[in-house]
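These notes concern the structure reproduced below.
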Number of protein chains: 2
Amino acid sequence: MNDLKKSTPSTKLYLEIVEKLRQMIESDGLVSGDKIPSERELSERLHVGRSSIREALRALELLGLIETRRGEGTFIRDYQDHNLIQLLGTFFLQDPKVKQDLAETKEYLETNCIQIVISSATEQELQHFLNWATEQAFSDDDFFTKLVALNSNYLMARIWTIVNSYARAANQVNEAIEYDSYIRFVHLMIERNTNQAISHYLKNIRKISNDE
Amino acid sequence: MNDLKKSTPSTKLYLEIVEKLRQMIESDGLVSGDKIPSERELSERLHVGRSSIREALRALELLGLIETRRGEGTFIRDYQDHNLIQLLGTFFLQDPKVKQDLAETKEYLETNCIQIVISSATEQELQHFLNWATEQAFSDDDFFTKLVALNSNYLMARIWTIVNSYARAANQVNEAIEYDSYIRFVHLMIERNTNQAISHYLKNIRKISNDE
DNA sequence: TTTATTAAGTGGTCTGACCACATTAGGCTT
DNA sequence: AAGCCTAATGTGGTCAGACCACTTAATAAA
């Protein structure tokens, strides 16, 4: 009853297996670090060949959803970046147009995050952020990672993280030059002054003409 | 000499194969639509099992870099919307908070696209867009698909497409009610009036209070 | 020439067999 | 009893060969 159909697979078998695994993980309430059944057991339980199981696991591994350790097993993993980005990077990230789009997209996303933070972050959170920024040195990457984390929109944060990973892979790192600019920027956010904050971000942090 | 080492694979074999394939594609100058050698031939040429070849191909397929057609072969593909995203979607779209964030993120991205289009689209493109909008009925989805396509930033367009497909999967479809609003909106873009265009978009097309 | 039929090539899948590695259980020495 | 060594077991990693389903092209029949 739990079989995966074999006649004229409308969708690739390994994709069906991925879906089955997802359901299995969900129904069993597995969380990061937990072990999933062995390839041989999955093969039996789902009535499919082990090679098909492996193709599905490769997909999940690429997505960063699982981690396989020889001799030990396969484990749930907090899904994040990695392989995927790196792989795509080694491929066609050399395209200069892509690189250019990358920087622009990153700026837009950061602008979005700034708006969201200003409109939804608490006074405490912003003060905490300000303290962090004043107490130590930080890179531009650090700063915006923190800022994006303050964002209440998790999806937006994830998109930024991915794009930022790409940018990092393309060696596009913004250097934090003047700490004062960042501090003043945080103050503008605390004042909930959206327009000036974004303007300051574009002009003094990203050094971009304002008319884009 | 072209063998892939077998002793103590420091990196997974299928990842090495992916790299080999990349080099092969590059050195042979293969482009979108071209056919790559069959799995059996690759297996012989690289001296690895066919199952390992297949695991590598699955990775490339997930990345949207190739396309496999049973009975025909494997072909290079313009790296675009991969089912990778779709896969990830089936995983994390479970989270209700994410669904909640979808609409907001979509709006931000559309705002970004509007800005980009206004600042980079040609008069011709916009006129063409206006003609399309006046000549027939369209859904909100159609409208913004067209608009986003006008965007010069391909990465941004891809992100919007992904988010939009999420929203669609979550049954979050905006209905196009008053065509006049859309038409007037296009006119504002043609006039390169960024502020009014965005304001009009938020107020009359997305029916959102202006202060977010 | 047109239409069926056949053959060859290709991806999709299954099975069974090793290998390399990690963990565990028993038995041995001390 | 405590510690160490050694099977034995289980796991992912890989390979080889076998079918199947499908596409295309060559071939034979109309």
Side-chain angles (χ1 to χ4, degrees), chain A residues 2-21 24-25 30 33-77 82-83, chain B residues 2-21 24-25 30 33-77 83 87:
Chain A
N2 218 4
D3 288 26
L4 298 177
K5 46 191 162 273
K6 315 216 164 152
S7 58
T8 313
S10 55
T11 99
K12 313 253 179 153
L13 179 55
Y14 82 97
L15 291 178
E16 299 183 43
I17 295 176
V18 166
E19 175 58 19
K20 277 284 181 196
L21 290 177
M24 191 177 301
I25 291 173
L30 299 184
D34 288 349
K35 186 176 175 184
I36 70 177
S38 72
E39 298 178 351
R40 290 170 179 81
E41 186 181 338
L42 288 174
S43 175
E44 286 186 3
R45 271 166 59 171
L46 298 183
H47 303 94
V48 296
R50 197 182 148 211
S51 54
S52 297
I53 294 287
R54 282 185 60 80
E55 291 189 17
L57 292 179
R58 281 302 75 67
L60 294 182
E61 186 179 69
L62 260 191
L63 294 176
L65 296 171
I66 63 171
E67 178 183 4
T68 59
R69 295 200 284 269
R70 175 189 304 205
E72 297 183 61
T74 304
F75 304 84
I76 305 285
R77 190 169 127 180
H82 296 133
N83 298 33
Chain B
N2 218 6
D3 287 24
L4 298 178
K5 47 195 161 280
K6 316 214 164 153
S7 58
T8 313
S10 54
T11 97
K12 312 253 178 156
L13 180 54
Y14 83 97
L15 290 178
E16 299 183 43
I17 295 176
V18 166
E19 175 58 19
K20 277 285 182 194
L21 290 177
M24 190 178 300
I25 291 173
L30 298 184
D34 289 349
K35 187 177 174 184
I36 70 178
S38 73
E39 297 179 352
R40 290 169 178 83
E41 185 180 339
L42 288 174
S43 175
E44 286 186 4
R45 271 167 57 172
L46 299 182
H47 302 93
V48 295
R50 195 181 149 210
S51 55
S52 296
I53 294 289
R54 282 185 60 81
E55 290 190 17
L57 292 179
R58 279 304 75 66
L60 295 182
E61 187 179 67
L62 262 189
L63 294 175
L65 298 172
I66 63 170
E67 178 184 3
T68 58
R69 295 200 284 269
R70 173 189 298 200
E72 298 183 59
T74 304
F75 303 84
I76 305 286
R77 189 169 130 181
N83 43 9
L87 267 189

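Proteins come first, then strands; the chains are lettered A, B, ... in the order of their sequence lines, and each starts at number 1. Since the model is a prediction, treat every value here as computed from it, not as a measurement.
For the pair B:K35 (side chain) and B:I76 (backbone), a donor-acceptor distance under 3.5 Å is absent.
At whole-Å resolution of the value, CG in B:L15 and P in D:dT14 are 9 Å apart. Between the CG atom of B:L13 and the C1' atom of C:dC18 there is a distance of 16 Å, given to the nearest Å. Regarding A:E44, its CD atom lies at a distance of 13 Å from the P atom of C:dC14, rounded to whole Å. Atom NE2 in B:H47 sits roughly 19 Å away from atom C1' in D:dG13 (whole-Å rounding). Here C:dG11 presents its P atom at 12 Å from CD of B:E61, a figure rounded to the nearest Å. Remark: P of D:dG13 and CD of B:E16 are 13 Å apart, rounded to the nearest angstrom. At whole-Å resolution of the value, CZ in A:F75 and C1' in C:dA22 are 10 Å apart. Protein atom CD of A:E39 is 15 Å distant from nucleotide atom C1' of C:dG16, rounded to whole Å.
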Checklist entry - B:R45 and B:M24: side chain to side chain contact (heavy atoms under 4.5 Å, CB included), yes or no, with the steps? => result CA-CA 11 Å; B:R45 271 167 57 172; B:M24 190 178 300; 3.5 Å; yes
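Nearest-nucleotide assignment on DNA chain D puts the 5′-proximal partner with A:T74, out of A:S51 and A:T74. Between A:E55 and A:G71, it is A:E55 whose nearest contact on DNA chain C lies nearer the 5' terminus.
Using N1 to N3 plus N6-O4 or O6-N4 for Watson-Crick, or N1-O2 and O6-N3 for G-U wobble, each under 3.5 Å, C:dA22 pairs with D:dT9.
Of the inter-residue distances, the one linking B:L60 atom CG with A:L62 atom CG reads 9.0 Å to the nearest 0.5 angstrom.
Phosphate proximity of C:dC14 to A:S43: absent, as no side-chain N or O sits under 4.0 Å from OP1 or OP2. Contact check, B:R54 against C:dG12: a side-chain N or O comes under 4.0 Å of OP1 or OP2. Between B:S52 and D:dG13, a side-chain N or O to OP1/OP2 separation shorter than 4.0 Å is absent.
Glycosidic conformation, D:dA7: syn, with the torsion inside 90° of 0.
With hydrogens and angles left out, the side-chain atoms of A:E19 and A:Y14 include no donor and acceptor closer than 3.5 Å. Under 3.5 Å, the side chains of A:E61 and A:T68 contain a donor-acceptor pair of N or O atoms.
A donor-acceptor contact under 3.5 Å is formed by the side chain of B:R50 with the base of C:dG12. Between the side chain of B:R40 and the base of C:dG11 there is at least one donor-acceptor pair of N/O atoms closer than 3.5 Å.
Of the candidates D:dG12, C:dG12, D:dT23, the closest approach to any side-chain atom of A:R70 belongs to D:dG12. Comparing atom distances between the B:E72 side chain and each of D:dT11, D:dT24, D:dG13 picks out D:dT24 as nearest.
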